[in-house]
Structure formats: C-alpha cells, structure tokens
Amino acid sequence: MTSFHLECSRCALEASGGLPPTVCIACGKPLLVRYTLRRNRAAGMVDAWSARPCDEGMWRFREILPLLPQEEPVSLGEGATPLVELPAIEGLEDLSVFVKDEGRNPTGSFKDRGLSAAVTRAVLSGVSAFVIPSAGNAGVSLAAYASRAGGTARVYLPADTPEAVVRRTRLAGGEIRMVDGLITDCGARAKEYAARTQAFDVSTLREPYRIEGKKTMMLEIVQALGWRAPDAIVYPTGGGTGLIGSWKALAELEALAIARASTRLYAVQAEGCAPIVRAFRNGAREALRWTEARTKAYGLRVPVALGDFLILEALRESRGGAVAVSDEAAEAAAAELGRQGISAAIEGGAALAAARRLKEAGRLAAGETVVLFNTAHALVY
Ligand SMILES: Cc1ncc(COP(=O)(O)O)c(C=O)c1O
C-alpha cells in the first residue's frame, strides 16, 4: 500500500494538517511528497507497471503517486505519451535522439499530468473551487480537470495570451480574467482571489501534487528505454515543475534500485527570459527576477520561480546545465519537428535548438541517448 507524507523542500519540516496543503508553514518554500520506498517491493512494482494497460495513463504508476488504493483519480487519460525516436537529424547525427511527445495529452500539453494529480488530491480534501495564474496551457488544463470533477476554475491570464488559449479555456468551462501584466501579476491576482473566496490556488509549486503528476513523464521514459535512464534530457523550463519532477522520479527509481539516476538534466529557456540560465552561469543558489521578460514561448515567460533553488540544485547535482535560445531558433526547430511528424509548440522547438547548442559545446557525446521534451502540441497557441 502506498503511504506518503509531505516535507518541506528547504527546511525538511514535515507538513501536518492544512488540507489541502499549500507551502511550508515555517519557511514558505514548496512541499514535496515523500513515499516509503522499499527495495524489496520494487520488482513487484515494475511487474505491475509493465502489466497495466496504457489506457491507465500516468496513473499506472500509482504505487509512487499520491493515491491510496481505494481512491480514484480525476483522469481524462493523461500520460502514456509516445517516446518517438528522431531519424538522424542535422547536427545530432551521432546521438540517439528521442522526443517525449506531450502534445498528445488530453488538452494538448504536459500540464494535464500535474493538474490531474493536483485536482485529484484537492477534490479528495473536499475542494470544488480552484484558481490558477497561467501562461495558457495550465489554465486550459485546470479548467478541464475542475469541470471533470464537477468544480469550477477561475483562470488569470496575461492580456496578450493568444486567442486560441482563451477560447479553449472558456470551452473547458474556465472563468477567465485577463490581467495587464505577466504571469507574476496573474499570480498576485490569483492569491488575492483565493484569500477572498477560499478557492484553492493551484499555482506552480504552491501545492505539492503537480510535481507528482509531472514526474510520470520520466517514469514513462525510463520504462520505454527498458528501465534505463537516458544520458541526458533537454527540458523547456519556466516554473520548473517538469524538471524538478523528472529529478524526483529518477531519485525515487534509484532509491528503489530500478534504474540509476545517471541522467544529466539540461534546462532550456528563452533568451528574452532566462533567469535560471543566468543563475546557473553565475553559480547562484537562487535566481534573480528577470526584468522585461519577452518571448513568444509563453510557457517560458516566467521571470521568477518559487522553486528556483530546486531547479538549480537538480541541474548541478545531475551535472547538467542551462542554455538560452532565441525565439527564431526555437520556431525554426519547432517547424523542423513538424516535418518529422511531431506537432510541436515553440517550447518543444526550443528543446531541439538547445540540444544542437549543447552538442556544439561538447556537452552531449557521440552515442548518447538524449530525450527532448515536446511539452505542447503546435495547435495550443
Ligand atoms: C508548453 C510549455 N512548455 C514548458 C512550460 C514550462 O513548464 P515548467 O513549469 O514545467 O517549467 C510551460 C509552462 O507554462 C508550457 O506551457
């Protein structure tokens, strides 16, 4: 039986009470889910994960997800996305390059994994009203999962959010508020709304379960590679839930002795908003706010991240790194993925553009297995 508790990612204080949980009551930093991981149960888990049908999606890993045996998830079939091998691609010919194609999730992005997990636990705590600040994809996803659970979703979006996102959020039943500003300004409005109405704020890392959903991307990758971790991943990083989740998944697989956590994690950001890249290069433990954030990669337009220190720790501990690419390079690479039959939003293109830069810099070696995250379908925007 799964048992889990919550622990602060900074001061390790165990969280108690406070349902649904938010951040650490002592230091305000994100909480992480901790499981009792027993090596002698690992073989049974691998058998169960391999035997369960793909249509159970990400919840087939339920032994290391925050779900007790008698509980049912709020699910739309998220996860179980394909790991598509790219044919020899210019500049990366001597690598095995795979794309984790997250555009195939229910609302077209990887956000569905995190929001399925977050909405599931919140609903089990009696929540029915949600609020989120979003660059776009998370808002669509929350609207879909909240509606699915019979609840409501208030979504704060920057005023320049593409019309397609606004329309999709509305179609999924979301109640939209446009904000003259960036996602950080939307975050402030969401916080104020939550305090006023008791709606549950599922902002990035302000609740602990979105990371758990996101970590299933890495579990699926390791499973698809025959229970071997890839040599490197290249991840388009905004708030960092996917990257932190990937690192957590590897640590849990290693604790269970299922796979070695030998993967180097590389964060890719946009040149017009690269707080993590700058902090990584400066050797800083935390990232300073990026002023004048400007990029067409809306998911990467995050000037400051609550989990900055966790992202930087994961990059350093894994001996990976961080790289910024231009919007032009990311768009061209997204089109290139399109010509390979993979429908990629600009953020997915950024991962391919970054992989080329890493290869040129000698950070990816011949023969290595590298996974690029295509975090959303081209049509999301
Ligand atoms: C398409 C896309 N890629 C990447 C990101 C960054 O996600 P994370 O919070 O995991 O860093 C986002 C976040 O909005 C996104 O929408």
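All values below come from the heavy atoms of this structure, side chains included, with hydrogens, waters and symmetry mates left out. When a ligand or atom number is given, it counts from 1 through the structure's own listing order.
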Measure the CD-CZ distance between E56 and R62 for me, rounded to the nearest 0.5 Å.
7.5 Å

Looking only at distances, please establish whether an N/O atom of ligand 1 is found under 3.5 Å from an N/O atom of Y235.
yes

Y35: which of E212, H5, E63, E252 passes side-chain hydrogen bond (donor to acceptor under 3.5 Å, both in side chains)
E212

At under 4.0 Å between heavy atoms, which part of N137 makes contact with ligand 1: side chain, backbone, both or neither?
side chain

Out of curiosity, is T204 lining ligand 1, as in a heavy atom under 4.0 Å away?
no

In this structure, atom 2 (C) of ligand 1 is nearest to the protein heavy atom T375 OG1, 3.4 Å

Once you round to the nearest 0.5 Å, how far does CG of L115 lie from CD of E207?
8.0 Å

Using a 3.5 Å distance criterion without hydrogens, assess whether the side chain of E93 forms a donor-acceptor pair with backbone atoms of G91.
yes

In ligand 1, which numbered atoms sit nearer than 4.0 Å to a non-hydrogen atom of K214?
10 (O)

Does ligand 1 have any atom sitting under 4.0 Å from a heavy atom of A345?
no

Are any of the N/O atoms in G240 less than 3.5 Å from those in ligand 1?
yes

I'd like to know if the side chain of S147 reaches the main chain of A144, judged simply by a donor and an acceptor atom lying under 3.5 Å from each other, with no hydrogens or angles considered.
no

For ligand 1, is there an N or O atom under 3.5 Å from any N or O atom of A376?
no

Atoms of ligand 1 under 4.0 Å from any heavy atom of T237, numbered from 1 in the order shown, are 11 (O)

Backbone N/O of E7 and side chain of R34: donor-acceptor pair under 3.5 Å
no

Just let me know how Y298 lines up against ligand 1, side chain, backbone, both or neither, with a heavy-atom cut-off below 4.0 Å.
neither

What protein heavy atom sits nearest atom 10 (O) of ligand 1, and how far off is it?
G242 N, 2.9 Å

Is it the case that ligand 1 has an N or O less than 3.5 angstrom from some N or O of G238?
yes

R363 charged N/C atom sitting above Y266 aromatic ring, 6.0 Å / 45°
no

Protein contact of atom 13 (C) of ligand 1 - nearest heavy atom, named by residue and atom, plus distance
K111 NZ, 2.7 Å

Is the F373 to F110 ring centre distance short of 6.0 Å?
no

May I ask you to identify the nearest protein heavy atom to atom 7 (O) of ligand 1, giving residue, atom name and distance to one decimal place in Å?
F110 CZ, 3.3 Å

W49 vs W227 aromatic rings, parallel, tilted or perpendicular, using cut-offs 30° and 60°?
tilted

